Number of protein chains: 2
Amino acid sequence: MRVKKFPESGPKRRLLDAAEVLFAERGFESVSFRDITGSAETNIAALNYHFGSREVLIDLLIVHYANPVNEERLARLEAVERKWAGKATPIEEVCDAWLRPLQGMTRKSKLAEPLFQKLLGRIFALAPASFPPEAQQLQTHASNRFLKALSKALPALSGEELAWRAHFVEGATIHVLLGQNPLSNHASATPTTEAMLGRLIRFSAAGLREGVESEAPAKKGPQAIFDF
Amino acid sequence: MRVKKFPESGPKRRLLDAAEVLFAERGFESVSFRDITGSAETNIAALNYHFGSREVLIDLLIVHYANPVNEERLARLEAVERKWAGKATPIEEVCDAWLRPLQGMTRKSKLAEPLFQKLLGRIFALAPASFPPEAQQLQTHASNRFLKALSKALPALSGEELAWRAHFVEGATIHVLLGQNPLSNHASATPTTEAMLGRLIRFSAAGLREGVESEAPAKKGPQAIFDF
DNA sequence: GTCTATAAAGTGATAGAC
DNA sequence: GTCTATCACTTTATAGAC
(Lines give C-alpha, C1' and ligand atoms only; values in the text may rest on other atoms or scores of the structure.)
Protein backbone atom coordinates (compact mmCIF):
# COMPACT_ATOMS: atom_id res chain seq x y z
CA MET A 1 0.00 0.00 0.00
CA ARG A 2 1.52 3.27 -1.03
CA VAL A 3 0.98 5.98 1.50
CA LYS A 4 1.93 9.50 0.69
CA LYS A 5 4.81 10.57 2.80
CA PHE A 6 4.59 14.02 4.29
CA PRO A 7 7.64 15.86 5.61
CA GLU A 8 8.36 15.86 9.34
CA SER A 9 9.06 19.54 9.47
CA GLY A 10 9.33 22.64 7.34
CA PRO A 11 6.66 24.87 5.82
CA LYS A 12 4.82 22.05 4.06
CA ARG A 13 4.38 20.25 7.35
CA ARG A 14 3.32 23.47 9.07
CA LEU A 15 0.74 24.12 6.37
CA LEU A 16 -0.75 20.66 6.81
CA ASP A 17 -0.85 21.00 10.58
CA ALA A 18 -2.35 24.46 10.47
CA ALA A 19 -4.96 23.41 7.93
CA GLU A 20 -6.02 20.45 10.06
CA VAL A 21 -6.59 22.58 13.10
CA LEU A 22 -8.45 25.32 11.25
CA PHE A 23 -10.65 22.96 9.24
CA ALA A 24 -11.48 20.99 12.38
CA GLU A 25 -12.41 24.10 14.31
CA ARG A 26 -14.31 26.05 11.67
CA GLY A 27 -15.15 23.70 8.82
CA PHE A 28 -13.77 23.58 5.30
CA GLU A 29 -15.90 26.36 3.83
CA SER A 30 -15.02 28.90 6.47
CA VAL A 31 -11.25 28.67 6.27
CA SER A 32 -9.50 30.73 3.65
CA PHE A 33 -6.25 30.31 1.90
CA ARG A 34 -4.79 33.13 3.92
CA ASP A 35 -6.08 31.81 7.22
CA ILE A 36 -3.96 28.74 6.59
CA THR A 37 -0.78 30.45 5.44
CA GLY A 38 -1.18 32.97 8.24
CA SER A 39 -1.54 30.31 10.90
CA ALA A 40 1.33 28.27 9.42
CA GLU A 41 3.49 31.39 9.33
CA THR A 42 4.44 30.92 5.72
CA ASN A 43 4.07 33.47 2.98
CA ILE A 44 0.87 33.36 0.94
CA ALA A 45 2.59 31.73 -1.99
CA ALA A 46 3.66 28.67 -0.03
CA LEU A 47 0.31 26.92 -0.10
CA ASN A 48 0.10 27.03 -3.85
CA TYR A 49 3.72 26.11 -4.27
CA HIS A 50 3.44 22.99 -2.14
CA PHE A 51 -0.07 21.83 -2.94
CA GLY A 52 -1.25 23.53 -6.09
CA SER A 53 -4.47 24.86 -4.63
CA ARG A 54 -6.64 25.02 -1.57
CA GLU A 55 -8.92 22.30 -2.95
CA VAL A 56 -6.03 19.92 -3.51
CA LEU A 57 -4.97 20.39 0.09
CA ILE A 58 -8.47 19.57 1.29
CA ASP A 59 -8.65 16.47 -0.89
CA LEU A 60 -5.28 15.39 0.44
CA LEU A 61 -6.50 15.64 4.01
CA ILE A 62 -9.70 13.77 3.20
CA VAL A 63 -7.79 10.88 1.66
CA HIS A 64 -5.18 10.96 4.39
CA TYR A 65 -7.70 10.64 7.22
CA ALA A 66 -10.76 8.93 5.75
CA ASN A 67 -8.95 6.07 4.08
CA PRO A 68 -7.16 4.68 7.14
CA VAL A 69 -10.50 4.76 8.97
CA ASN A 70 -12.23 2.80 6.23
CA GLU A 71 -9.37 0.34 5.93
CA GLU A 72 -9.42 -0.24 9.65
CA ARG A 73 -13.20 -0.73 9.48
CA LEU A 74 -12.86 -3.40 6.81
CA ALA A 75 -10.03 -5.16 8.64
CA ARG A 76 -12.06 -5.26 11.83
CA LEU A 77 -15.16 -6.50 10.09
CA GLU A 78 -13.20 -9.30 8.54
CA ALA A 79 -11.75 -10.23 11.90
CA VAL A 80 -15.23 -10.29 13.41
CA GLU A 81 -16.57 -12.43 10.59
CA ARG A 82 -13.68 -14.84 10.88
CA LYS A 83 -14.37 -15.10 14.57
CA TRP A 84 -18.03 -16.02 13.98
CA ALA A 85 -17.26 -17.97 10.85
CA GLY A 86 -20.47 -18.84 9.10
CA LYS A 87 -22.68 -17.96 12.04
CA ALA A 88 -24.50 -14.65 12.21
CA THR A 89 -22.35 -12.01 13.86
CA PRO A 90 -23.69 -10.04 16.81
CA ILE A 91 -24.84 -6.55 15.81
CA GLU A 92 -22.76 -4.96 18.53
CA GLU A 93 -19.59 -6.38 17.05
CA VAL A 94 -20.44 -5.15 13.57
CA CYS A 95 -21.19 -1.70 14.98
CA ASP A 96 -17.97 -1.82 16.93
CA ALA A 97 -15.98 -2.60 13.80
CA TRP A 98 -17.67 0.31 12.02
CA LEU A 99 -17.43 2.90 14.76
CA ARG A 100 -14.29 2.19 16.75
CA PRO A 101 -11.89 3.21 13.97
CA LEU A 102 -13.26 6.74 14.35
CA GLN A 103 -11.98 6.90 17.87
CA GLY A 104 -8.54 7.93 16.82
CA MET A 105 -6.29 4.91 16.70
CA THR A 106 -5.87 5.49 13.00
CA ARG A 107 -4.80 9.00 13.79
CA LYS A 108 -1.64 9.99 12.03
CA SER A 109 -1.92 13.47 13.38
CA LYS A 110 -0.60 15.52 16.24
CA LEU A 111 -4.09 16.88 16.78
CA ALA A 112 -5.55 16.54 20.23
CA GLU A 113 -8.19 13.85 20.24
CA PRO A 114 -11.29 16.08 20.48
CA LEU A 115 -10.04 18.17 17.58
CA PHE A 116 -9.13 15.15 15.53
CA GLN A 117 -12.62 13.76 15.99
CA LYS A 118 -14.11 17.03 14.91
CA LEU A 119 -12.01 16.85 11.76
CA LEU A 120 -13.26 13.33 11.09
CA GLY A 121 -16.79 14.59 11.65
CA ARG A 122 -16.29 17.37 9.12
CA ILE A 123 -14.92 14.87 6.62
CA PHE A 124 -17.63 12.25 6.98
CA ALA A 125 -20.34 14.91 7.00
CA LEU A 126 -19.39 15.75 3.43
CA ALA A 127 -21.50 14.32 0.68
CA PRO A 128 -19.67 11.21 -0.52
CA ALA A 129 -19.78 12.70 -3.99
CA SER A 130 -17.49 15.50 -2.87
CA PHE A 131 -14.85 13.03 -1.75
CA PRO A 132 -11.90 12.73 -4.11
CA PRO A 133 -12.27 9.52 -6.17
CA GLU A 134 -9.48 7.83 -4.21
CA ALA A 135 -11.47 8.15 -0.99
CA GLN A 136 -14.95 7.90 -2.45
CA GLN A 137 -14.34 4.45 -3.84
CA LEU A 138 -13.15 3.03 -0.54
CA GLN A 139 -15.94 4.75 1.35
CA THR A 140 -18.58 3.26 -0.91
CA HIS A 141 -16.98 -0.15 -0.77
CA ALA A 142 -16.83 -0.14 3.01
CA SER A 143 -20.46 1.03 3.32
CA ASN A 144 -21.69 -1.73 1.05
CA ARG A 145 -19.59 -4.27 2.83
CA PHE A 146 -21.09 -3.35 6.18
CA LEU A 147 -24.63 -3.23 4.84
CA LYS A 148 -24.17 -6.79 3.69
CA ALA A 149 -22.81 -7.83 7.07
CA LEU A 150 -25.80 -6.24 8.77
CA SER A 151 -28.15 -7.84 6.33
CA LYS A 152 -26.69 -11.20 7.19
CA ALA A 153 -27.04 -10.55 10.89
CA LEU A 154 -30.59 -9.19 10.52
CA PRO A 155 -32.10 -11.14 7.65
CA ALA A 156 -35.61 -10.13 8.70
CA LEU A 157 -35.00 -6.56 7.58
CA SER A 158 -35.40 -5.43 3.99
CA GLY A 159 -32.50 -3.73 2.25
CA GLU A 160 -34.46 -0.52 2.29
CA GLU A 161 -35.16 -0.65 6.00
CA LEU A 162 -31.55 -1.49 6.71
CA ALA A 163 -30.28 1.35 4.55
CA TRP A 164 -32.40 3.80 6.50
CA ARG A 165 -31.27 2.50 9.85
CA ALA A 166 -27.63 2.61 8.78
CA HIS A 167 -28.27 6.19 7.68
CA PHE A 168 -29.55 7.01 11.16
CA VAL A 169 -26.43 5.49 12.71
CA GLU A 170 -24.26 7.55 10.39
CA GLY A 171 -26.06 10.72 11.43
CA ALA A 172 -25.72 10.01 15.12
CA THR A 173 -22.04 9.28 14.62
CA ILE A 174 -21.28 12.45 12.71
CA HIS A 175 -23.16 14.53 15.25
CA VAL A 176 -21.16 13.03 18.10
CA LEU A 177 -17.88 13.57 16.30
CA LEU A 178 -18.75 17.20 15.63
CA GLY A 179 -20.28 17.73 19.09
CA GLN A 180 -20.85 19.91 21.22
CA ASN A 181 -21.14 16.98 23.52
CA PRO A 182 -24.24 17.03 25.67
CA LEU A 183 -22.20 16.97 28.85
CA SER A 184 -20.76 20.45 28.55
CA ASN A 185 -23.53 21.35 30.99
CA HIS A 186 -22.95 18.51 33.38
CA ALA A 187 -20.36 18.75 36.10
CA SER A 188 -18.61 15.64 34.83
CA ALA A 189 -15.51 16.45 32.89
CA THR A 190 -14.72 15.28 29.37
CA PRO A 191 -15.93 11.74 29.14
CA THR A 192 -13.49 9.21 27.88
CA THR A 193 -13.98 8.56 24.22
CA GLU A 194 -14.29 4.92 25.15
CA ALA A 195 -17.37 5.51 27.27
CA MET A 196 -19.01 7.60 24.57
CA LEU A 197 -18.19 5.00 21.96
CA GLY A 198 -19.73 2.26 24.04
CA ARG A 199 -22.92 4.26 24.39
CA LEU A 200 -23.10 4.95 20.70
CA ILE A 201 -22.53 1.31 19.81
CA ARG A 202 -25.23 0.07 22.17
CA PHE A 203 -27.65 2.74 20.98
CA SER A 204 -26.99 1.94 17.34
CA ALA A 205 -27.26 -1.81 17.80
CA ALA A 206 -30.58 -1.41 19.58
CA GLY A 207 -31.92 0.81 16.83
CA LEU A 208 -30.76 -1.54 14.11
CA ARG A 209 -32.31 -4.50 15.89
CA GLU A 210 -35.64 -2.79 16.51
CA GLY A 211 -38.65 -5.02 15.91
CA VAL A 212 -36.55 -8.06 15.09
CA GLU A 213 -37.41 -11.04 17.27
CA SER A 214 -34.28 -13.18 17.12
CA GLU A 215 -31.51 -11.63 15.18
CA ALA A 216 -29.51 -14.78 14.75
CA PRO A 217 -30.95 -17.73 12.93
CA ALA A 218 -27.90 -19.27 14.52
CA LYS A 219 -28.64 -22.69 13.14
CA LYS A 220 -28.81 -22.25 9.46
CA GLY A 221 -26.41 -22.34 6.65
CA PRO A 222 -27.64 -19.37 4.66
CA GLN A 223 -24.28 -17.74 4.32
CA ALA A 224 -23.99 -19.19 0.85
CA ILE A 225 -26.46 -16.56 -0.24
CA PHE A 226 -24.36 -13.79 1.22
CA ASP A 227 -21.00 -15.24 0.51
CA PHE A 228 -18.91 -12.41 -0.77
CA MET B 1 -48.36 35.29 19.93
CA ARG B 2 -46.76 37.95 17.81
CA VAL B 3 -45.50 36.67 14.55
CA LYS B 4 -43.54 38.89 12.25
CA LYS B 5 -45.51 39.59 9.15
CA PHE B 6 -43.64 39.38 5.90
CA PRO B 7 -44.95 40.96 2.71
CA GLU B 8 -46.80 38.80 0.20
CA SER B 9 -44.92 40.17 -2.76
CA GLY B 10 -42.29 42.70 -3.75
CA PRO B 11 -38.54 42.63 -3.47
CA LYS B 12 -38.48 41.89 0.25
CA ARG B 13 -40.56 38.80 -0.29
CA ARG B 14 -38.41 37.76 -3.25
CA LEU B 15 -35.28 38.15 -1.17
CA LEU B 16 -36.70 35.92 1.56
CA ASP B 17 -37.80 33.29 -0.91
CA ALA B 18 -34.51 33.31 -2.77
CA ALA B 19 -32.53 33.12 0.46
CA GLU B 20 -34.53 30.12 1.67
CA VAL B 21 -33.89 28.17 -1.49
CA LEU B 22 -30.20 29.01 -1.67
CA PHE B 23 -29.52 28.37 2.01
CA ALA B 24 -31.38 25.06 1.84
CA GLU B 25 -29.48 23.94 -1.22
CA ARG B 26 -25.97 25.09 -0.34
CA GLY B 27 -25.86 25.93 3.36
CA PHE B 28 -25.56 29.29 5.04
CA GLU B 29 -21.80 29.69 4.70
CA SER B 30 -21.72 29.07 0.99
CA VAL B 31 -24.33 31.60 -0.07
CA SER B 32 -23.22 35.16 -0.56
CA PHE B 33 -25.03 38.40 -0.38
CA ARG B 34 -24.85 38.65 -4.15
CA ASP B 35 -26.10 35.15 -4.71
CA ILE B 36 -29.26 36.17 -2.92
CA THR B 37 -29.83 39.53 -4.57
CA GLY B 38 -28.97 37.97 -7.90
CA SER B 39 -31.44 35.14 -7.49
CA ALA B 40 -34.11 37.51 -6.17
CA GLU B 41 -33.50 39.84 -9.10
CA THR B 42 -33.10 42.89 -6.93
CA ASN B 43 -30.15 45.24 -6.96
CA ILE B 44 -27.32 44.54 -4.52
CA ALA B 45 -28.41 47.29 -2.15
CA ALA B 46 -31.85 45.82 -1.56
CA LEU B 47 -30.77 43.19 0.93
CA ASN B 48 -29.16 45.73 3.18
CA TYR B 49 -32.00 48.18 2.82
CA HIS B 50 -34.62 45.63 3.84
CA PHE B 51 -32.75 43.57 6.39
CA GLY B 52 -29.69 45.49 7.48
CA SER B 53 -27.23 42.70 6.81
CA ARG B 54 -26.80 39.16 5.62
CA GLU B 55 -26.56 37.92 9.21
CA VAL B 56 -29.82 39.57 10.22
CA LEU B 57 -31.58 37.85 7.34
CA ILE B 58 -30.22 34.48 8.45
CA ASP B 59 -31.29 35.10 12.04
CA LEU B 60 -34.72 36.06 10.79
CA LEU B 61 -35.07 32.80 8.91
CA ILE B 62 -33.85 30.79 11.89
CA VAL B 63 -36.43 32.34 14.18
CA HIS B 64 -39.13 32.10 11.54
CA TYR B 65 -38.67 28.38 10.99
CA ALA B 66 -37.18 26.98 14.20
CA ASN B 67 -39.63 28.57 16.60
CA PRO B 68 -42.85 27.15 15.11
CA VAL B 69 -41.23 23.71 15.16
CA ASN B 70 -40.31 24.01 18.83
CA GLU B 71 -43.71 25.41 19.73
CA GLU B 72 -45.39 22.54 17.94
CA ARG B 73 -43.12 20.10 19.76
CA LEU B 74 -44.08 21.49 23.14
CA ALA B 75 -47.77 21.52 22.29
CA ARG B 76 -47.63 17.90 21.18
CA LEU B 77 -45.69 16.81 24.23
CA GLU B 78 -48.28 18.43 26.45
CA ALA B 79 -51.05 16.71 24.58
CA VAL B 80 -49.30 13.36 24.98
CA GLU B 81 -48.73 13.96 28.68
CA ARG B 82 -52.35 14.93 29.18
CA LYS B 83 -53.38 11.77 27.43
CA TRP B 84 -51.28 9.61 29.76
CA ALA B 85 -51.94 11.82 32.76
CA GLY B 86 -49.62 10.84 35.58
CA LYS B 87 -48.63 7.55 34.00
CA ALA B 88 -45.35 7.17 32.17
CA THR B 89 -45.72 8.02 28.52
CA PRO B 90 -44.61 5.57 25.83
CA ILE B 91 -41.25 6.49 24.33
CA GLU B 92 -42.63 6.30 20.82
CA GLU B 93 -45.15 9.01 21.59
CA VAL B 94 -42.53 11.29 23.09
CA CYS B 95 -40.32 10.76 20.03
CA ASP B 96 -43.28 11.40 17.80
CA ALA B 97 -43.98 14.70 19.50
CA TRP B 98 -40.34 15.69 19.10
CA LEU B 99 -39.83 14.60 15.51
CA ARG B 100 -43.12 14.98 13.70
CA PRO B 101 -43.11 18.81 13.76
CA LEU B 102 -40.05 18.65 11.52
CA GLN B 103 -42.08 16.96 8.84
CA GLY B 104 -43.38 20.22 7.48
CA MET B 105 -46.77 20.91 8.92
CA THR B 106 -45.35 23.99 10.55
CA ARG B 107 -44.10 25.11 7.18
CA LYS B 108 -44.95 28.69 6.40
CA SER B 109 -43.01 28.51 3.21
CA LYS B 110 -43.60 27.91 -0.44
CA LEU B 111 -40.60 25.62 -0.49
CA ALA B 112 -41.11 22.12 -1.78
CA GLU B 113 -41.07 19.67 1.07
CA PRO B 114 -37.64 18.11 0.45
CA LEU B 115 -36.07 21.54 0.23
CA PHE B 116 -37.87 22.75 3.31
CA GLN B 117 -36.58 19.78 5.27
CA LYS B 118 -33.08 20.49 4.11
CA LEU B 119 -33.45 24.05 5.37
CA LEU B 120 -34.62 22.76 8.74
CA GLY B 121 -31.65 20.41 8.77
CA ARG B 122 -29.28 23.30 8.12
CA ILE B 123 -30.88 25.29 10.91
CA PHE B 124 -30.87 22.57 13.55
CA ALA B 125 -27.34 21.53 12.61
CA LEU B 126 -26.14 24.92 13.81
CA ALA B 127 -24.64 25.12 17.25
CA PRO B 128 -27.45 26.30 19.53
CA ALA B 129 -25.15 29.10 20.59
CA SER B 130 -25.30 30.56 17.11
CA PHE B 131 -29.09 30.79 17.24
CA PRO B 132 -30.39 34.30 17.80
CA PRO B 133 -31.46 34.66 21.45
CA GLU B 134 -35.11 34.62 20.50
CA ALA B 135 -34.76 31.12 19.06
CA GLN B 136 -32.05 29.84 21.37
CA GLN B 137 -34.17 30.29 24.44
CA LEU B 138 -37.09 28.32 23.04
CA GLN B 139 -34.79 25.63 21.69
CA THR B 140 -33.15 25.14 25.07
CA HIS B 141 -36.47 25.15 26.83
CA ALA B 142 -37.93 22.55 24.51
CA SER B 143 -34.87 20.31 24.79
CA ASN B 144 -34.96 20.38 28.57
CA ARG B 145 -38.67 19.77 28.56
CA PHE B 146 -38.27 16.65 26.45
CA LEU B 147 -35.31 15.37 28.43
CA LYS B 148 -37.51 15.51 31.51
CA ALA B 149 -40.30 13.67 29.75
CA LEU B 150 -37.87 10.97 28.65
CA SER B 151 -36.40 10.76 32.11
CA LYS B 152 -39.85 10.17 33.51
CA ALA B 153 -40.53 7.47 30.95
CA LEU B 154 -37.12 5.85 31.45
CA PRO B 155 -36.32 6.37 35.12
CA ALA B 156 -33.66 3.67 35.01
CA LEU B 157 -31.37 5.86 32.91
CA SER B 158 -29.10 8.49 34.39
CA GLY B 159 -29.34 12.05 33.18
CA GLU B 160 -25.98 11.65 31.53
CA GLU B 161 -26.93 8.52 29.67
CA LEU B 162 -30.18 10.09 28.56
CA ALA B 163 -28.43 13.24 27.35
CA TRP B 164 -26.13 11.15 25.18
CA ARG B 165 -28.94 9.12 23.71
CA ALA B 166 -30.95 12.24 22.95
CA HIS B 167 -27.84 13.61 21.30
CA PHE B 168 -27.70 10.52 19.08
CA VAL B 169 -31.34 10.99 18.12
CA GLU B 170 -30.65 14.60 17.25
CA GLY B 171 -27.78 13.58 15.00
CA ALA B 172 -29.80 10.96 13.18
CA THR B 173 -32.58 13.48 12.67
CA ILE B 174 -30.37 16.21 11.27
CA HIS B 175 -28.69 13.76 8.94
CA VAL B 176 -32.02 12.59 7.59
CA LEU B 177 -33.26 16.13 7.10
CA LEU B 178 -30.11 17.04 5.20
CA GLY B 179 -29.97 13.72 3.33
CA GLN B 180 -28.94 12.45 0.61
CA ASN B 181 -31.45 9.81 1.49
CA PRO B 182 -30.12 6.28 1.31
CA LEU B 183 -32.68 5.28 -1.27
CA SER B 184 -31.33 7.37 -4.10
CA ASN B 185 -29.74 4.11 -5.22
CA HIS B 186 -32.81 1.97 -4.81
CA ALA B 187 -35.39 1.72 -7.52
CA SER B 188 -38.13 2.87 -5.17
CA ALA B 189 -39.01 6.49 -5.70
CA THR B 190 -38.97 9.21 -3.05
CA PRO B 191 -40.35 7.64 0.07
CA THR B 192 -43.18 9.44 1.72
CA THR B 193 -41.95 11.58 4.55
CA GLU B 194 -44.41 9.73 6.71
CA ALA B 195 -42.72 6.38 6.15
CA MET B 196 -39.29 7.83 6.85
CA LEU B 197 -40.57 9.53 9.98
CA GLY B 198 -42.04 6.28 11.26
CA ARG B 199 -38.72 4.53 10.76
CA LEU B 200 -36.81 7.26 12.53
CA ILE B 201 -39.22 7.25 15.46
CA ARG B 202 -39.03 3.49 15.91
CA PHE B 203 -35.24 3.52 15.58
CA SER B 204 -34.89 6.34 18.10
CA ALA B 205 -37.27 4.80 20.60
CA ALA B 206 -35.42 1.50 20.44
CA GLY B 207 -32.09 3.22 20.97
CA LEU B 208 -33.40 5.28 23.87
CA ARG B 209 -34.88 2.18 25.48
CA GLU B 210 -31.74 0.08 25.09
CA GLY B 211 -30.92 -2.04 28.11
CA VAL B 212 -33.98 -0.93 30.05
CA GLU B 213 -36.08 -3.82 31.24
CA SER B 214 -39.44 -2.26 31.86
CA GLU B 215 -39.59 1.29 30.72
CA ALA B 216 -42.49 2.31 32.84
CA PRO B 217 -44.42 1.39 35.96
CA ALA B 218 -47.28 1.20 33.52
CA LYS B 219 -45.94 -1.00 30.80
CA LYS B 220 -47.15 -3.41 28.22
CA GLY B 221 -49.40 -2.61 25.40
CA PRO B 222 -48.23 0.77 24.15
CA GLN B 223 -46.11 -0.53 21.31
CA ALA B 224 -48.82 -2.88 20.22
CA ILE B 225 -51.45 -0.19 20.33
CA PHE B 226 -49.33 2.42 18.69
CA ASP B 227 -49.48 2.14 14.99
CA PHE B 228 -47.09 4.08 12.81
C1' DG C 1 -38.31 52.52 -2.25
C1' DT C 2 -35.13 51.53 -5.81
C1' DC C 3 -31.22 52.26 -8.17
C1' DT C 4 -25.99 53.01 -9.79
C1' DA C 5 -21.64 53.62 -8.36
C1' DT C 6 -18.22 52.71 -5.42
C1' DA C 7 -15.72 51.99 -1.19
C1' DA C 8 -12.79 48.96 1.70
C1' DA C 9 -11.46 44.64 2.61
C1' DG C 10 -10.78 39.91 1.45
C1' DT C 11 -10.40 36.00 -2.09
C1' DG C 12 -7.49 32.38 -4.71
C1' DA C 13 -3.68 32.44 -7.43
C1' DT C 14 0.76 33.91 -9.98
C1' DA C 15 5.14 36.35 -11.60
C1' DG C 16 9.49 37.02 -10.82
C1' DA C 17 13.38 38.51 -7.62
C1' DC C 18 16.52 36.34 -4.49
C1' DG D 1 12.51 26.81 -1.78
C1' DT D 2 11.09 31.12 -0.10
C1' DC D 3 9.75 35.57 -0.57
C1' DT D 4 7.40 40.27 -1.97
C1' DA D 5 4.42 42.33 -4.82
C1' DT D 6 0.61 42.17 -7.32
C1' DC D 7 -3.31 40.59 -10.39
C1' DA D 8 -8.08 39.90 -11.24
C1' DC D 9 -11.85 39.12 -8.89
C1' DT D 10 -15.51 38.74 -5.10
C1' DT D 11 -16.97 40.01 -0.61
C1' DT D 12 -20.19 42.95 2.51
C1' DA D 13 -21.72 47.30 2.84
C1' DT D 14 -22.79 52.36 1.98
C1' DA D 15 -23.45 57.05 -0.29
C1' DG D 16 -26.16 59.56 -2.81
C1' DA D 17 -28.92 60.25 -7.27
C1' DC D 18 -33.61 59.55 -8.82
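In what follows, chains carry the letters A, B, and so on, assigned in the order in which the sequence lines appear, proteins first and then strands, with residues in each chain numbered from 1. Please read these numbers as outputs of a predicted model, since none were measured by experiment.
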Report, as yes or no, whether the 6.0 Å neighbourhood of atom [atom1] on [X] holds more than 12 heavy atoms from other residues, nucleotides or ligands.
| X | atom1 | value |
| --- | --- | --- |
| A/Q137 | CD | no |
| A/E113 | CD | yes |
| B/E25 | CD | yes |

**Request:** Decide yes or no for B/Y65 and B/F116: does some side-chain heavy atom of the first lie under 4.5 Å from some side-chain heavy atom of the second?
**Result:** yes
Can you measure [X] atom [atom1] to [N] atom [atom2] for me and round it to whole angstrom units?
| X | N | atom1 | atom2 | result |
| --- | --- | --- | --- | --- |
| B/I36 | D/dT10 | CD1 | C1' | 15 Å |
| B/H50 | D/dT14 | NE2 | P | 15 Å |
| A/E41 | D/dT2 | CD | P | 14 Å |
| B/R14 | C/dT2 | CZ | P | 8 Å |
| B/Y49 | C/dT2 | OH | P | 7 Å |
| B/K12 | C/dC3 | NZ | P | 16 Å |

**Message:** Centroid separation under 6.0 Å, is that true for the rings of A/H175 and B/H175?
**Reply:** no
**Message:** Closest approach to the side chain of B/N43, judged atom by atom: which nucleotide of C/dG1, D/dT2, C/dC3 is it?
**Reply:** C/dC3
Atom pairs, N/O to N/O, protein against nucleotides 10-13 of chain C, distance under 3.5 Å?
from	atom 1	to	atom 2	distance (Å)
C/dT11	OP1	A/S32	OG	3.3
C/dG12	OP1	A/F33	N	2.9
C/dG12	OP1	A/R54	NE	3.4
C/dG12	OP2	A/F33	N	2.8
C/dG12	N7	A/R34	NH1	2.8
C/dG12	O6	A/R34	NH1	3.4
C/dA13	OP2	A/R54	N	3.2

**Prompt:** Can the positive tip of B/R73 be found less than 6.0 Å from the middle of the six-membered ring of B/F124, inside 45° of the ring normal?
**Reply:** yes
